[in-house]
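Structure first, then comments.
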Amino acid sequence: MNICELELRDYDAFRALFTAYYEELDCEDDPLHLLDEYILPDYEEGLLHIAVAEDGGKICAFAIYQTDDPVNDWCFKDGAGDIREVYVLPALRRRRTGTALVRFAESALAEEGAKDIYALPTESAEAFFLSLGYSDSGEYCEELDNKVFTKN
């Protein structure tokens, strides 16, 4: 398995993976609209980062992360690192791919100077973040209807 920043040549594979992610979440938003209007332009401007995991030469997982800044569309904790999204294809879960992606993102955020690191996991992802040393901070994000987990 190889983890690296998303490259232009992999955009189509990333679009397909992101669409599978949104289908699994059962979100009403159009994932391709979100990608093309917000996520990929922000990525290209350096406002957020996208790391991908490759297995057998194919992208099988991703993590979207950023250091919160008021210039971003999303800024919940100014100066803090935000693990925004983590997704691994179901067939490849429980192989530490998600863990490797989060560690990659944490390292990059620390190098960027993020003060703290947090995540807003779905209820089903809370145990995953707990296993990585995050804890429920007691804060709540009303906008996304999620608990705030911080890195210990």
Rounded to the nearest 0.5 Å, the CD1 atom of I39 sits from the NE2 atom of H33 at a distance of 10.5 Å
Can F128 and T99 be said to form a side-chain contact (heavy atoms from CB on, under 4.5 Å), step by step?
-> CA-CA 8 Å; F128 170 70; T99 298; 3.9 Å; yes
Residue among F104, Y11, Y21 satisfying ring-ring contact (aromatic ring centres under 6.0 Å, His included) with F62 | Y21
Is any side-chain heavy atom of E54 less than 4.5 Å from a side-chain heavy atom of D10?
-> yes
Go through the side-chain N and O atoms of Y118 and D68 and say whether any donor and acceptor fall under 3.5 Å apart.
-> yes
Close side-chain approach of E106 and Y65, heavy atoms under 4.5 Å = no
Flag the pair D78 and K115 as a salt bridge only when some basic side-chain nitrogen lies within less than 4.0 angstrom of an acidic carboxylate oxygen.
-> no
Atom pair NZ/OG of K151 and S137 - distance to nearest 0.5 Å = 14.5 Å
Going through the checks in order, is the side-chain contact (heavy atoms from CB on, under 4.5 Å) test met by I117 and T150?
-> CA-CA 6 Å; I117 298 178; T150 54; over 6 Å; no
Linking I/L/V/M/F/W/Y whenever any side-chain heavy atoms sit under 4.5 Å apart, do I59 and L40 land together?
-> yes
Distance col, row D136:CG vs L130:CG, nearest 0.5 angstrom, shows 8.0 Å
Where A114 and G81 come nearest, the two heavy atoms and their spacing | CB-N, 3.5 Å
Does a sphere of radius 6.0 Å around CD in E44 hold more than 12 heavy atoms from other residues, nucleotides or ligands, not counting ones at 6.0 Å or beyond?
-> yes
State, with a plain yes or no, whether a side-chain heavy atom of M1 is found less than 4.5 Å away from one of L92.
-> no
Does a side-chain N-to-carboxylate-O contact under 4.0 Å join E24 and R93?
-> yes
Cluster question for you: counting only ILVMFWY and a side-chain heavy-atom cut-off of under 4.5 Å, with indirect links fine, are I3 and L89 together?
-> no
Ignoring hydrogens and geometry, is there a side-chain-to-backbone donor-acceptor pair from D29 to P31 under 3.5 Å?
-> no
With the side chain counted from C-beta on, respond yes when L101 and V52 share a heavy-atom pair under 4.5 Å apart, and no when they do not.
-> no
Distance-minimising heavy-atom pair for C75 and P70 = SG-N, 3.6 Å
For Y43, enumerate each residue passing the ring pair (Phe, Tyr, Trp, His ring centres under 6.0 Å) test, keeping only those at least two apart in sequence or located in another chain.
-> none
Joint hydrophobic cluster, I64 plus V71, side-chain heavy atoms closer than 4.5 Å | no
Is the closest side-chain heavy-atom distance between L144 and W74 below 4.5 Å?
-> yes
So do the side chains of V88 and C60 get within less than 4.5 Å of each other, counting heavy atoms only?
-> no
Any side-chain heavy-atom pair from E126 and K147 closer than 4.5 angstrom?
-> yes
Heavy atoms, side chains only, cut-off 4.5 Å: are V148 and F76 in contact?
-> yes
Following the transitive rule for hydrophobic clusters with a side-chain heavy-atom cut-off under 4.5 Å over Ile, Leu, Val, Met, Phe, Trp and Tyr, establish whether L17 and L34 coincide in one cluster.
-> yes
List the steps, then state whether side-chain contact (heavy atoms from CB on, under 4.5 Å) holds for T19 with E23.
-> CA-CA 6 Å; T19 299; E23 287 173 1; 3.6 Å; yes
Identify whether the distance between the nearest side-chain nitrogen and carboxylate oxygen of E139 and K77 falls below 4.0 Å.
-> yes
Please step through side-chain contact (heavy atoms from CB on, under 4.5 Å) for the pair L132 and R103, ending with a clear verdict.
-> CA-CA 9 Å; L132 297 177; R103 299 293 187 232; 3.6 Å; yes
Residue from D82, D42, T67, N72 passing side-chain contact (heavy atoms from CB on, under 4.5 Å) with L48 = D42
With ring centroids as reference points, do Y134 and F149 lie under 6.0 angstrom apart?
-> no
Does L25 share a hydrophobic cluster with L32, counting links as ILVMFWY side-chain heavy atoms below 4.5 Å and allowing steps through other members?
-> yes
Interatomic distance, R9 atom CZ to D12 atom CG [nearest 0.5 angstrom] | 12.5 Å
